[in-house]
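First comes the structure, then the notes that go with it.
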Amino acid sequence: MTDEKVTKMINTAVDAILDRKGYNVVNLSVGEVSVIADNFVIATASNKSQLDAIIDKVEEGMRDNGFELKNREGRSIGGWVLLDYSEVVIHLFLPDMRDFYGLDGTWRDVTCEKFD
C-alpha cells in the first residue's frame, strides 16, 4: 500500500475518533520495529457508550473510503477494541484499560504524532 493510502487511512480513523469526541489520540509509526503493522492509532473514550459510538464511526468511515476491516478483537464492555486494517491497527480504549496496557509506553521509541 502506498504512503498516500496509509496516510488517508490514518486521517480517516483520526477524523472519526475526534468526531465522536475521542481523546488522547496518537499515531505510532511502528513499521520499522514491528511486523504487526506500520501504524498504531490509539485513542481513549470516556465511557462504554462513547467507545461504541467511536467504533461505529471509525468502521463507517473506513468502509466508505474503501478500506477493508481484516479483524476485530475485543468488545467495548472489556474496555479495549482493536480494529485491524493491516497497515493501520486502531486501538480504542477506556481510560483504565489504556493505562493498564500502556501501549504508548511500550512503543515509546517510535515516532508519535498527536492529534487534538
Side-chain angles (χ1 to χ4, degrees):
M1 184 171 285
T2 66
D3 287 346
E4 183 178 303
K5 285 191 177 186
V6 170
T7 299
K8 184 172 181 173
M9 289 177 79
I10 293 165
N11 290 336
T12 299
V14 168
D15 289 348
I17 292 164
L18 294 176
D19 183 70
R20 291 297 182 254
K21 308 298 185 217
Y23 63 95
N24 199 7
V25 183
V26 298
N27 176 58
L28 304 179
S29 299
V30 298
E32 291 184 17
V33 295
S34 174
V35 296
I36 298 170
D38 292 332
N39 294 272
F40 286 167
V41 173
I42 304 173
T44 305
S46 297
N47 56 59
K48 183 193 166 306
S49 296
Q50 183 186 28
L51 184 56
D52 286 333
I54 292 170
I55 293 164
D56 290 345
K57 187 70 173 181
V58 169
E59 289 181 338
E60 175 187 334
M62 297 296 266
R63 184 176 48 252
D64 289 351
N65 281 283
F67 302 121
E68 181 184 350
L69 179 64
K70 305 297 183 194
N71 195 19
R72 179 177 173 171
E73 295 288 333
R75 296 176 31 204
S76 59
I77 196 164
W80 180 10
V81 174
L82 179 150
L83 304 173
D84 183 354
Y85 289 91
S86 292
E87 290 84 359
V88 176
V89 175
I90 303 160
H91 298 269
L92 303 170
F93 290 98
L94 293 178
D96 57 340
M97 289 292 102
R98 185 164 182 174
D99 291 341
F100 179 79
Y101 287 104
L103 292 185
D104 304 77
T106 300
W107 300 97
R108 67 182 167 272
D109 295 331
V110 302
T111 302
C112 176
E113 182 179 5
K114 297 180 180 184
F115 300 90
D116 294 330

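Residue numbers count from 1 along this sequence.
Using cut-offs of 30° and 60° for the angle between ring planes, the His91 and Phe40 rings count as perpendicular.
Between the CE atom in Met97 and the CG atom in Leu92 there is a gap of 14.5 Å [rounded to 0.5 Å]. Taken to the nearest 0.5 Å, the CG atom of Asp15 stands 9.0 Å off from the CZ atom of Phe115. Considering CG of Asp84 and CD1 of Ile90, their distance stands at 9.0 Å, rounded to 0.5 Å. Note: Leu51 CG to Arg75 CZ = 12.0 Å, rounded to the nearest 0.5 Å.
Taking all atoms of both residues into account, the shortest heavy-atom contact from Ser86 to Ala37 is O-CB, 3.4 Å. In plain terms, the two heavy atoms of Ala13 and Val58 that are nearest each other are O-CG2, 4.0 Å.
In this view, Ala53 and Arg20 satisfy the side-chain contact (heavy atoms from CB on, under 4.5 Å) rule, not counting sequence neighbours. Residues passing the side chain to side chain donor-acceptor pair (under 3.5 Å) test with Asn71 are Glu73, sequence neighbours excluded. In terms of the side chain to side chain donor-acceptor pair (under 3.5 Å) criterion, residue partners of Ser46 (sequence neighbours excluded) are, by chain and number, Gln50.
By the criterion of side-chain heavy atoms lying less than 4.5 angstrom apart, applied directly or through intervening Ile, Leu, Val, Met, Phe, Trp or Tyr residues, Met9 is grouped together with Val14 in one hydrophobic cluster. Both Leu82 and Phe93 are assigned to one and the same hydrophobic cluster, defined by single-linkage of ILVMFWY side chains at heavy-atom distances under 4.5 Å. Grouping the Ile, Leu, Val, Met, Phe, Trp and Tyr side chains by contacts below 4.5 angstrom, directly or via other members, places Ile42 with Phe100.
Sequence neighbours left out, the pairs with a member in residues 95-113 that pass side-chain hydrogen bond (donor to acceptor under 3.5 Å, both in side chains) are Thr44-Arg98, Arg98-Asp104. Within the structure, salt bridge (charged side-chain N to carboxylate O under 4.0 Å, His left out) pairs that include any residue of residues 50-68 comprise Asp19-Lys57, Lys48-Asp52, Glu59-Arg72, Glu68-Lys70 (at least two apart or interchain).
The backbone N or O of Phe67 lies less than 3.5 Å from no partner atom in the side chain of Asn65, so there is not a single donor-acceptor pair.
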Review point. Could you walk me through whether Val41 and Ile17 pass the side-chain contact (heavy atoms from CB on, under 4.5 Å) check?
Key: CA-CA 10 Å; Val41 173; Ile17 292 164; 3.9 Å; yes
**Study point:** Candidate pair Leu94 and Trp80, rule side-chain contact (heavy atoms from CB on, under 4.5 Å), full reasoning
**Key:** CA-CA 7 Å; Leu94 293 178; Trp80 180 10; over 6 Å; no
Show me the donor-acceptor pairs within less than 3.5 Å that the side chains of residues 21-35 make with the rest of the protein, sequence neighbours left out.
residue	atom	partner	partner atom	Å
Asn27	ND2	Asn39	OD1	3.1
Ser34	OG	Ile36	N	3.0

